[in-house]
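For reference, the structure discussed in these notes is given below.
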Number of protein chains: 2
Amino acid sequence: MMQNAAIIPLLKDVARQEHQLQLTCESCALYSLCLPLGLHRNDLETLDSIIKRSKPLTRGQALYEMSENFDSLYVVRSGAFKTTLSTEDGREQITGFYLPGDLIGMDAIHTGSYQATAKALSSSSVCALPYSSLQELSQAIPALQQQIYNRLSKELSNDKHLLMALGQKTAMEKLVGFLLSLSRRFEERGYAANTFELPMSRIDIANHLGLAIETISRLLGQLVNDDLIACQGKSITLIDKPALKKLCN
Amino acid sequence: MMQNAAIIPLLKDVARQEHQLQLTCESCALYSLCLPLGLHRNDLETLDSIIKRSKPLTRGQALYEMSENFDSLYVVRSGAFKTTLSTEDGREQITGFYLPGDLIGMDAIHTGSYQATAKALSSSSVCALPYSSLQELSQAIPALQQQIYNRLSKELSNDKHLLMALGQKTAMEKLVGFLLSLSRRFEERGYAANTFELPMSRIDIANHLGLAIETISRLLGQLVNDDLIACQGKSITLIDKPALKKLCN
DNA sequence: AAGCGTCCTTGATCTAGGTCAAGAACCACG
DNA sequence: CGTGGTTCTTGACCTAGATCAAGGACGCTT
């Protein structure tokens, strides 16, 4: 009898692990950040019914490749992703980093194929939203349509700010701006705002900001020297946020 | 009597001029490029009823300013526009150029206020689409909802390609890529693909591509020297398009 | 725990493109 | 049809950040 009491919760955990892929939106930790925010309970169930919760991806694995057939948008469930665009001669540009709750693949909607390649930065999982179902559903559920407009618009806005950074800002301004935006995004997700692990390598940061990796390394060193941040490996602590904000305008 | 025959068409023209702001989508030259493409006749009339065709703007005049209250999206009817984002210390980045049929203001949807400033590059006119009406209407008209998703997605895609250019490409690649994309856009609108007037100044091109105006001037000179383009003032002719395409990958 | 590959750091040097300067061409306006 | 302002061109020079180089640290795998 005593044995049972100890074993039952364990069994429950195992069961949860095994059925984790079938969890509902309602029970999801990301609920308040995610697409279904604001939907009524029965609409939520309808949305739930079209979502495919797929297997986890390992570090470096592609969620989809450029020019592959477009069928689904993806919400990041755990881990992180990057999307890259590449030229014919092989140069790549990382056009975005995606954290839990973010929607990936929206730039493919207007064509039949993905416009970029999306890769996991670490072990990650996603919810797949088949686009044709999502479209139909959003026709019936005003709050969902609005959410989709908002998500698209938000990403547009982000990209325009990034354009500004790439076009007008110095290397230091780009880097500090990047760190602050990461910090804000972690905070929105309920993590600490001032101390976090970088989900991506310095190579990726450099590429994303249009800089050389050596420049990132030197600038991080400089920020540490000036006691504005602490940094060991991928772990970052923002020490003097006001000064950092001043540094990137 | 003979006088009448001569006068009638003239009067008609005048009448058309005066009522030009009340023209319908159906009679609009831009119809095939514009948002209502694919809508049924009666849906088109409903859309028409929410559109406000406003007075023309003069060169340099703002359609809206950053942080102004967001209420409408705008379709360019004639002329051209640029949108700019600015930092606190006054630097500006031109995030997009908009030609007839293009939709302006989509990055504002997710907030209550415009995220950029939109200015006319020459005498221009727009159709205003009050967002709340457009949203309701798109809830009722599937083809319209789809069009809006597509437009948002298309702009997202454009911005990502621009990010790639700003992050990875050389000055020459940026400039040639820009000229070719303008050429394509003119062609889509039924104008000549290989000879056109630049709607914007070199200052604006330079800013948009993250370059100095002197660089633009020098590179254009070089392209003319190499007989790849002809160029006098704002008038551009693309002479060797295959070579140009090669130059920008 | 040794070995290998990737990532990161730091220093020395180089260069694409920026900045400065000065004149020319192109307007819009009275 | 000047004339004052903006825009454009061309040349001389400079610099932020790239590239090259070499060594160190940090994972993986077996």
Side-chain angles (χ1 to χ4, degrees), chain A residues 58-61 80 82 91-94 119-123 165-179 197-226 229-236 247-248, chain B residues 58-61 80 82 91-94 119-123 165-179 197-226 229-236 247-248:
Chain A
T58 62
R59 184 183 141 83
Q61 203 181 340
K82 64 176 172 184
R91 278 173 292 173
E92 292 203 336
Q93 169 73 31
I94 298 175
K119 284 193 175 149
L121 292 170
S122 57
S123 300
L166 292 193
Q168 307 297 329
K169 296 197 172 176
T170 64
M172 183 58 99
E173 289 172 327
K174 288 180 189 175
L175 177 61
V176 173
F178 176 74
L179 291 177
E197 297 282 309
L198 292 172
M200 70 294 286
S201 69
R202 272 140 234 234
I203 296 178
D204 285 346
I205 299 175
N207 176 286
H208 183 54
L209 300 177
L211 297 171
I213 174 182
E214 293 93 330
T215 304
I216 299 294
S217 211
R218 276 185 256 270
L219 293 178
L220 280 176
Q222 202 174 314
L223 290 173
V224 169
N225 258 7
D226 297 353
I229 68 169
C231 158
Q232 40 198 350
K234 305 219 155 170
S235 149
I236 298 277
L247 260 186
C248 80
Chain B
T58 62
R59 184 183 142 84
Q61 202 181 341
K82 64 176 174 184
R91 279 173 292 173
E92 292 203 336
Q93 169 73 31
I94 297 176
K119 284 194 175 148
L121 292 169
S122 55
S123 299
L166 292 194
Q168 307 297 329
K169 297 198 171 175
T170 64
M172 183 58 99
E173 291 172 326
K174 287 180 190 175
L175 177 60
V176 174
F178 177 74
L179 291 177
E197 298 282 308
L198 292 172
M200 71 293 288
S201 69
R202 272 140 233 234
I203 296 178
D204 284 346
I205 298 176
N207 176 287
H208 184 53
L209 299 177
L211 297 171
I213 173 181
E214 294 93 331
T215 303
I216 300 295
S217 212
R218 277 186 255 269
L219 293 178
L220 280 176
Q222 204 174 312
L223 290 172
V224 170
N225 260 6
D226 298 353
I229 68 170
C231 158
Q232 40 198 352
K234 304 219 152 168
S235 149
I236 298 277
L247 260 186
C248 80

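Below, read A as the first sequence line, B as the second, and so on, with proteins coming before strands; counting in each chain starts at 1.
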Q.
Assess whether a salt bridge exists between A:Arg91 and B:Glu173, defined as any Lys/Arg side-chain N lying under 4.0 Å from an Asp/Glu carboxylate O.
A.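 Yes.
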Q) What are the two closest heavy atoms between A:Gly210 and A:Leu166, and how far apart are they? A)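 For A:Gly210 and A:Leu166, the tightest heavy-atom pair comes out as N-CD2, 4.2 Å.
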Q: Please report the closest heavy-atom contact between A:Ala80 and A:Pro199, naming both atoms and the distance.
A: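 Smallest interatomic distance, heavy atoms only, reads CB-CB, 4.0 Å.
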Q) For B:Met172 and B:Cys248, what are the C-alpha separation, side-chain angles and deciding distance, and is it a side-chain contact (heavy atoms from CB on, under 4.5 Å)? A) CA-CA 7 Å; B:Met172 183 58 99; B:Cys248 80; over 6 Å; no
Q: Report the C-alpha separation of B:Ile94 and B:Ile205 in whole Å, then their side-chain angles, then the decisive distance to 0.1 Å, and conclude whether the side-chain contact (heavy atoms from CB on, under 4.5 Å) test is met.
A: CA-CA 9 Å; B:Ile94 297 176; B:Ile205 298 176; over 6 Å; no
Q. D:dG17 phosphate, OP1 or OP2: any side-chain N/O from A:Thr215 under 4.0 angstrom?
A.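 Checking D:dG17 against A:Thr215, no side-chain N or O comes under 4.0 Å of OP1 or OP2.
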Figure out the [atom1]/[atom2] separation between [X] and [N], and round it to whole Å.
{"X": "B:Gln232", "N": "C:dA24", "atom1": "CD", "atom2": "C1'", "answer": "17 Å"}
{"X": "A:Arg59", "N": "C:dG5", "atom1": "CZ", "atom2": "P", "answer": "16 Å"}
{"X": "A:Leu211", "N": "D:dT19", "atom1": "CG", "atom2": "C1'", "answer": "14 Å"}
{"X": "A:Leu219", "N": "C:dT10", "atom1": "CG", "atom2": "P", "answer": "12 Å"}
{"X": "B:Leu166", "N": "C:dG18", "atom1": "CG", "atom2": "P", "answer": "12 Å"}
{"X": "B:Ile216", "N": "D:dT10", "atom1": "CD1", "atom2": "C1'", "answer": "15 Å"}
{"X": "B:Gln222", "N": "D:dT9", "atom1": "CD", "atom2": "P", "answer": "14 Å"}
{"X": "A:Leu209", "N": "D:dG17", "atom1": "CG", "atom2": "C1'", "answer": "13 Å"}

Q.
Is it the case that the base of D:dC20 and the side chain of A:Glu214 share a donor-acceptor contact (distance under 3.5 Å, atom types as modelled)?
A.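 Yes, the side chain and the base share a sub-3.5 Å donor-acceptor pair.
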Q.
If you go through the side-chain atoms of B:Arg218, does one of them form a donor-acceptor pair with the base of C:dT19 closer than 3.5 Å?
A.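 For B:Arg218, whose side chain was compared with the base of C:dT19, there is a donor-acceptor pair (under 3.5 Å).
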(Q) Using a 4.0 Å heavy-atom cut-off, does A:Gly60 contact any base of the nucleic acid, only the sugar-phosphate backbone, or nothing at all? (A)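 Nothing, no nucleic acid heavy atom in range.
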Q: Would you mind classifying the nucleic acid contact of B:Lys234 as base, sugar-phosphate or nothing, using non-hydrogen atoms under 4.0 angstrom?
A: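 Here B:Lys234 touches the backbone only, sparing every base.
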Q) Heavy-atom count around B:Lys169 NZ within 6.0 Å, excluding the residue itself: above 12? A)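 Yes, the 6.0 Å shell around NZ holds more than 12 heavy atoms from other groups.
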Q. Among the nucleotides C:dT10, C:dG17, D:dA18, which one has an atom lying closest to any side-chain atom of A:Ala212?
A.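 Selected nucleotide (nearest to the side chain): D:dA18.
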Q) Distance-only, no hydrogens or angles: does the A:Gln61 side chain make a donor-acceptor pair with backbone N or O of A:Thr58 under 3.5 Å? A)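 Present.
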Q.
What residues from residues 199-207 of chain A pass a heavy-atom cutoff of under 4.0 Å to DNA chain D?
A.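 Residues of residues 199-207 of chain A under 4.0 Å from DNA chain D: none.
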